[in-house]
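Heads up: the structure comes next, in structure tokens.
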Amino acid sequence: MRRRLHLRGDASLTLLLGAALGLLLYAQRDGTAPTTNSQRAQGRAAPEPTPRLRVFQAPDAGAALLAYEEDTPEPPTPTGPFDFVRYLRAKDQRRFPLLINQPHKCLGDGARGTGPDLLIAVKSVAADLERRQAVRQTWGAEGRVQGALVRRVFLLGMPRGVGLGEAEAKGARGAGMQTHWHALLHAESRTYADILLWAFDDTFFNLTLKEIHFLAWASAYCPDVRFVFKGDADVFVHVENLLEFLAARDPAQDMLAGDVIVQARPIREPASKYYIPEAVYGLPAYPAYAGGGGFVISGATLRRLSGACAQVELFPIDDVFLGMCLQRLRLTPEPHPAFRTFGIPQPSAAPHLRTFDPCFYRELVVVHGLSAADIWLMWHLLHGPHRPACARPLPVATGPFQWGP
């Protein structure tokens with residue numbers, strides 16, 4: 001009976017949060033459209049993933065620069081034309097208050113000096129409760145997975161225009177919207193204890209601020225974490241495959257693995273969302289970096305990156321910025337063929353196959369660009385009682401999950 005009452009309480013709270021969110025979005029309908037599930041440009045072909053480094057060749061003169069644009073997810077809030085003058089004036093402002101904290105998240109099983117084996121950090125936006133619920137109920141569930149202790153946090157900024165400074169400037173209405181969002185997110189935090197909220201505006205070009213603030217937070221509150229997976233809320237993660245990959249790795253050694261991109265060229269076309277003028281970045285190519293849809297780092301690299309990023313000038317594209325921090329440490333990101341930040345392309349030899357098939361996902365670690373419903377469905381297809389019969393079976397585990405020496 002207690003269990004049934006507890007479940008009913010959780011369901012009621014979720015419905016209450018959803019209703020409050022709907023009212024808040026209706027009141028804010030003339031402002032932002034805060035969802036990360038934007039559609040990609042029509043008619044654009046996705047590049048073919050390979051098990052090696054992705055190399056972007058220089059395009060022909062006059063050709064559309066589409067390669068890099070496929071790599072980075074859509075902005076969490078519409079940005080419009082990017083104001084580089086404002087950005088350059090404010091780019092050195094890199095410390096913002098932490099409004100909601102989870103100071104006990106990495107205490108392990110309660111014993112001092114021990115931390116989680118895997119910390120999952122998911123970039124999200126305040127309005128995207130549906131995606132956070134999908135992650136919580138599927139691949140981002142906390143607890144023991146194959147013997148490894150898994151913990152989860154969501155990384156949020158304030159909805160655009162509701163930051164501390166702008167709310168004060170807009171008077172009573174701005175302060176009221178800020179109060180509503182605070183109440184909603186605090187209620188969610190009390191329920192799930194996984195929200196990290198900072199006071200900067202949650203826009204696409206502020207994802208770099210989210211990067212450095214999370215690194216500083218994890219270094220302070222998760223000093224003993226072994227590995228960290230950091231990704232977007234629209235990815236599907238096969239956690240068992242990720243843990244299998246990490247079992248042979250040493251968390252005391254440097255490692256950042258993912259879908260690695262090399263020789264990506266800055267977009268010089270002003271109409272592009274990713275336009276970077278030469279005054280901001282004058283080199284012909286970016287350093288090697290892992291696609292921001294999802295990558296994994298060791299505890300040792302996490303702590304070193306936090307210090308390195310504090311010394312690197314902020315850059316408005318977060319995954320490229322992280323590549324710059326790795327370059328400062330003289331570290332090379334490690335490519336892994338099971339990280340698919342471009343999604344799963346249609347096989348050219350078998351165009352009749354459906355790419356949304358559990359037999360594809362069963363062999364991978366990360367697939368980018370799914371809706372909340374897709375994430376939930378794929379998880380249950382792979383973990384439910386009626387699992388798919390695929391041509392090539394996975395090796396059967398011979399015992400409980402064990403970390404490598």
Side-chain angles (χ1 to χ4, degrees), residues 94-124 132 135-136 139-140 142 148-157 189 192-200 202 206-233 235 237 239 242-243 246 249-258 289-290 292-312 314 318-319 321-326 328-329 331 333 366 403:
R94 52 198 301 160
R95 292 186 180 181
F96 290 83
L98 180 59
L99 304 177
I100 298 180
N101 192 11
Q102 307 298 336
H104 307 300
K105 175 59 65 174
C106 292
L107 293 182
D109 286 329
R112 292 183 178 273
T114 62
D117 298 307
L118 178 65
L119 174 65
I120 294 173
V122 182
K123 293 176 287 184
S124 184
R132 290 195 292 277
V135 171
R136 289 175 180 128
W139 62 265
E142 295 188 312
L149 181 63
V150 178
R151 291 288 183 254
R152 173 195 67 240
V153 289
F154 291 97
L155 315 178
L156 284 77
S189 177
Y192 300 106
D194 59 5
I195 299 293
L196 295 176
L197 174 69
W198 287 276
F200 53 79
D202 209 341
N206 275 351
L207 288 174
T208 301
L209 291 176
K210 194 172 286 188
E211 191 76 58
I212 63 173
H213 283 78
F214 168 69
L215 289 172
W217 178 88
S219 297
Y221 292 99
C222 295
D224 300 312
V225 65
R226 295 172 66 87
F227 295 96
V228 175
F229 172 83
K230 185 168 178 290
D232 293 337
V235 300
V237 182
V239 177
L242 177 60
L243 291 172
L246 295 176
R249 309 307 292 259
D250 183 357
Q253 299 297 317
D254 280 318
M255 184 271 293
L256 186 150
Y289 64 92
F295 58 85
V296 63
I297 62 177
S298 66
T301 300
L302 170 79
R303 292 180 283 274
R304 294 188 66 200
L305 267 181
S306 181
C309 289
Q311 303 172 39
V312 173
L314 293 183
D318 63 322
D319 45 9
F321 170 76
L322 200 62
M324 296 173 177
C325 299
L326 290 173
R328 185 175 185 87
L329 293 174
L331 295 179
V366 175
W403 290 99

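If you're wondering where the values come from, they're calculated on a predicted model, not measured in any experiment.
The CZ atom of R304 sits 12.0 Å away from the CD1 atom of I297 when rounded to the nearest 0.5 Å. Between atom CG of residue L196 and atom CH2 of residue W217 there is a gap of 5.0 Å, rounded to the nearest 0.5 Å. Atom CH2 of W198 is separated from atom CG of L99 by 10.0 Å, given to the nearest 0.5 angstrom. Separation of atoms CG (L302) and CG (L119) is listed at 8.5 Å; rounding is to 0.5 Å. To the nearest 0.5 Å, atom CG of residue L314 and atom CG of residue L209 are 6.0 Å apart.
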* Asked: Run the side chain to side chain contact (heavy atoms under 4.5 Å, CB included) check on I100 and L156 step by step: do they pass?
  -> CA-CA 9 Å; I100 298 180; L156 284 77; over 6 Å; no
* salt bridge (Lys or Arg N to Asp or Glu O under 4.0 Å) between D194 and R132, worked out -> CA-CA 10 Å; D194 59 5; R132 290 195 292 277; over 6 Å; no
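The minimum heavy-atom distance linking M324 with V312 is given by the pair CB-CG1, 4.1 Å.
At distances below 3.5 Å, at least one donor-acceptor pair connects side-chain atoms of K105 with backbone N or O atoms of A193. In this structure a side-chain-to-backbone donor-acceptor pair under 3.5 Å is present from K210 to L155. Within the 3.5 Å criterion, the main-chain N or O of C309 finds no donor-acceptor partner in the side chain of R328. Although no hydrogens or angles enter the test, the distance criterion places a donor-acceptor pair under 3.5 Å between the side chain of W139 and the main chain of V235.
Just one residue in the list V135, L197, I120 forms a side-chain contact (heavy atoms from CB on, under 4.5 Å) with F154, and that residue is V135.
The side-chain heavy atoms of R94 and T208, taken from C-beta on, include no pair separated by under 4.5 Å. Between P251 and F227 there is a side-chain heavy-atom pair separated by less than 4.5 Å. Side-chain contact between F295 and D319 is absent, with no heavy-atom pair separated by less than 4.5 Å. The side-chain heavy atoms of V239 and L243, taken from C-beta on, include a pair separated by under 4.5 Å.
Relative ring orientation between H213 and F200 is described as tilted, the plane-to-plane angle lying within the 30° to 60° band.
The cationic atom of R136 (NZ for Lys, CZ for Arg) lies less than 6.0 Å from the six-membered ring centre of Y192 and within 45° of the ring axis.
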